[in-house]
Amino acid sequence: MASDTIMAINRLGFADSEMQVFAYLRTLAYADFGAASVGEVVHVARKIARDGGGRDAFIEAWSEQGRLAARTADDALAAGRPRTARTFLHRAYNYLRTAEFYFDRQQKEEFTALYDHSVSHFDRALPLLDTPAERIAIPYQDGIDLPGYFFAPDDSGTPRPTVVISGGGDGHGEELYFLAGVPHALARGLNVVLFHGPGQRGLLHHHPGQVFRADSEVPFAAVLDQVTARPDVRADAVALYGLSFGGYLAPRAAAHDRRVAALVANAPIIDFHSLIFDALTSALPAPPPATAPAEYWNGLYQQVGGTDWALQATMDNYMLWTTGARTFADFHRLARSFTLDGLVSRITCPTLTLSSDGENAVARDQARRFHEQLVAPVKAFHRLATEDGADSHCGLSNIALTSSLVYDWLTDVLAGPA
């Protein structure tokens with residue numbers, strides 16, 4: 001079901017589809033950290049509508065707003081105003097990220113150039129933050145590094161509890177600074193690590209073969225190897241926080257790696273195939289036959305995507321590009337490998353499960369079953385409720401509340417003697 005927040009935005013006439021509306025909400029949500037403004041987002045929405053509301057209009061309007069923010073940041077830097085520059089560098093990143101999400105991935109050079117341009121503004125803001133931040137490169141395999149960031153509450157070098165955060169299938173490691181409320185974690189004395197793993201944009205744009213892998217414990221082990229070796233990290237107090245598809249990736253890693261001291265799943269995915277295809281086929285007049293051929297799934301993909309360019313682009317980016325599937329039938333087959341079947345009971349660290357009222361029924365059921373299957377001695381379940389305005393995907397519509405729940409819980413769980 002759509003969240004109340006998304007339906008309310010839709011009634012304002014911003015867009016024709018839920019996917020487009022979510023893009024506006026996602027961009028606007030980061031206003032909590034100065035990375036957007038209501039006025040700018042409304043201006044862009046109206047401009048897109050005036051220009052026909054299509055994919056090209058969407059990309060151009062957001063790109064133009066991103067370029068405008070970057071010019072404002074440059075002027076502020078030249079005038080010696082670092083705080084103003086930081087605000088508008090974050091806006092430039094956020095608006096260009098929104099444009100990049102719906103870009104045609106077949107235009108590879110332009111697609112990657114837009115991504116790199118957006119990230120360059122995020123990186124330019126790093127030395128302007130109030131707390132230390134550094135880019136890191138995590139050795140992975142075959143000479144490939146996982147790009148990421150390390151954030152600390154101060155520059156004392158004190159060993160601290162640390163949260164490793166993973167996003168989802170449309171994830172940008174940089175975006176997690178806002179989506180996962182990193183400043184809220186830093187304010188509670190926690191270090192934070194963000195990274196791009198296989199299947200995520202920072203890796204895929206430059207290493208197209210590095211698609212999602214079901215055994216996410218492998219890239220997570222590489223991250224934990226580097227993080228736990230740092231002198232400013234308490235190796236006995238490293239938590240994983242997975243959002244969206246990270247709700248599969250992080251729990252899978254926690255089930256295999258005993259170095260994980262705590263886990264937050266927002267929201268957990270037990271069966272990725274069921275999550276996608278049960279929701280996709282629920283509106284069909286009849287359920288698909290168990291032996292439906294490849295042509296059936298490819299035809300369904302064209303039928304669904306053909307009604308909404310934003311949904312088509314999302315499916316292209318999230319389902320095909322990130323998994324390496326060439327056709328929707330390939331994706332239908334590959335999706336079955338992403339399952340936590342038999343693994344939830346192997347998660348022994350304290351675990352917090354979050355589930356939003358606005359997720360579809362399959363997602364909410366999987367979150368509840370995940371929590372019930374946990375045998376960890378400490379576990380908690382929290383509903384991100386409609387009445388709190390937190391009912392959008394992963395609580396995006398109330399980041400301050402969602403982050404407070406997560407980091408207050410982690411602060412308590414990870415507390416202990418150094």
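Throughout, numbering of the chain's residues begins at 1 and tracks the sequence. All heavy atoms count here, side chains included; hydrogens, waters and symmetry mates do not.
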Test log, rule salt bridge (charged side-chain N to carboxylate O under 4.0 Å, His left out), inputs D330 and R333: CA-CA 5 Å; D330 284 344; R333 173 181 51 82; 3.7 Å; yes
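- The shortest side-chain heavy-atom distance between Y149 and F122 falls under the 4.5 Å cut-off.
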Test log, rule salt bridge (charged side-chain N to carboxylate O under 4.0 Å, His left out), inputs R160 and D232: CA-CA 6 Å; R160 297 178 182 276; D232 50 359; over 6 Å; no
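- Rounded to the nearest 0.5 Å, atoms CG (L343) and CZ (R252) are 5.5 Å apart.
- The only option from E100, H205, R105 that meets the side-chain hydrogen bond (donor to acceptor under 3.5 Å, both in side chains) definition with T112 turns out to be H205.
- Ring-centre distance between F272 and F245: below the 6.0 Å cut-off.
- Screening residues 393-410 for salt bridge (charged side-chain N to carboxylate O under 4.0 Å, His left out) gives R188-D408 as the qualifying pairs, with residues at least two apart or on separate chains.
- Here the side chains of H206 and D116 are in contact, with some heavy-atom distance below 4.5 Å.
- Looking at Y30 and Y177, their side chains never come closer than 4.5 Å, going by heavy atoms from C-beta outward.
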Derivation of the ring-ring contact (aromatic ring centres under 6.0 Å, His included) call for F103 and W62: CA-CA 11 Å; F103 206 88; W62 282 115; over 10 Å; no
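- A donor-acceptor pair under 3.5 Å is absent between the side-chain atoms of D388 and the main chain of A390, judged by distance alone.
- In this structure, R86 CZ and L77 CG are separated by 12.0 Å, a value rounded to the nearest 0.5 Å.
- In this structure, R26 is positioned above the aromatic face of F101, its NZ or CZ under 6.0 Å from the six-membered ring centre and within 45° of the axis.
- A cation-pi arrangement is present between R230 and F150 under the rule of less than 6.0 angstrom and at most 45 degrees off the ring axis.
- Side-chain contact between L263 and L352 is absent, with no heavy atoms from C-beta onward closer than 4.5 Å.
- Looking at heavy atoms from C-beta onward, R234 lies in side-chain contact with P159 at the 4.5 angstrom threshold.
- Taking the ring axis of F88 as reference, the NZ or CZ atom of R91 stays within 45° of it and closer than 6.0 Å to the ring centre.
- Salt-bridge annotation for R368 and D365: absent, with no side-chain N of the basic residue lying under 4.0 Å from a carboxylate O of the acidic one.
- Checked for salt-bridge contact, E387 and R383 meet the test: a charged N lies under 4.0 Å from a carboxylate O.
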Worked check of side-chain hydrogen bond (donor to acceptor under 3.5 Å, both in side chains) between Y248 and D271: CA-CA 8 Å; Y248 167 81; D271 181 343; over 6 Å; no
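- You'll find the side chain of L186 reaches within 4.5 Å of the side chain of F151, heavy atoms only.
- Look at R67 and E60 and you find a salt bridge, because one of the NZ, NE, NH1 or NH2 atoms lies within 4.0 Å of a carboxylate O, short of that distance.
- With Y115 as the aromatic partner, R201 does not meet the cation-pi criteria of under 6.0 angstrom to the ring centre and within 45 degrees of the ring axis.
- Using bins of under 30°, 30° to 60° and over 60° for the plane-to-plane angle, the ring pair H332/F277 lands in the perpendicular bin.
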Atom pairs and distances, donor-acceptor, side-chain atoms in residues 218-226, under 3.5 Å, two or more places apart:
{"from": "D225", "atom 1": "OD1", "to": "R259", "atom 2": "NH1", "distance (Å)": "2.7"}
{"from": "D225", "atom 1": "OD1", "to": "R259", "atom 2": "NH2", "distance (Å)": "3.2"}
{"from": "Q226", "atom 1": "NE2", "to": "A137", "atom 2": "O", "distance (Å)": "3.2"}

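- A salt bridge does not link D257 with R346: every distance from a Lys NZ or Arg NE/NH1/NH2 to an Asp or Glu carboxylate oxygen is 4.0 Å or more.
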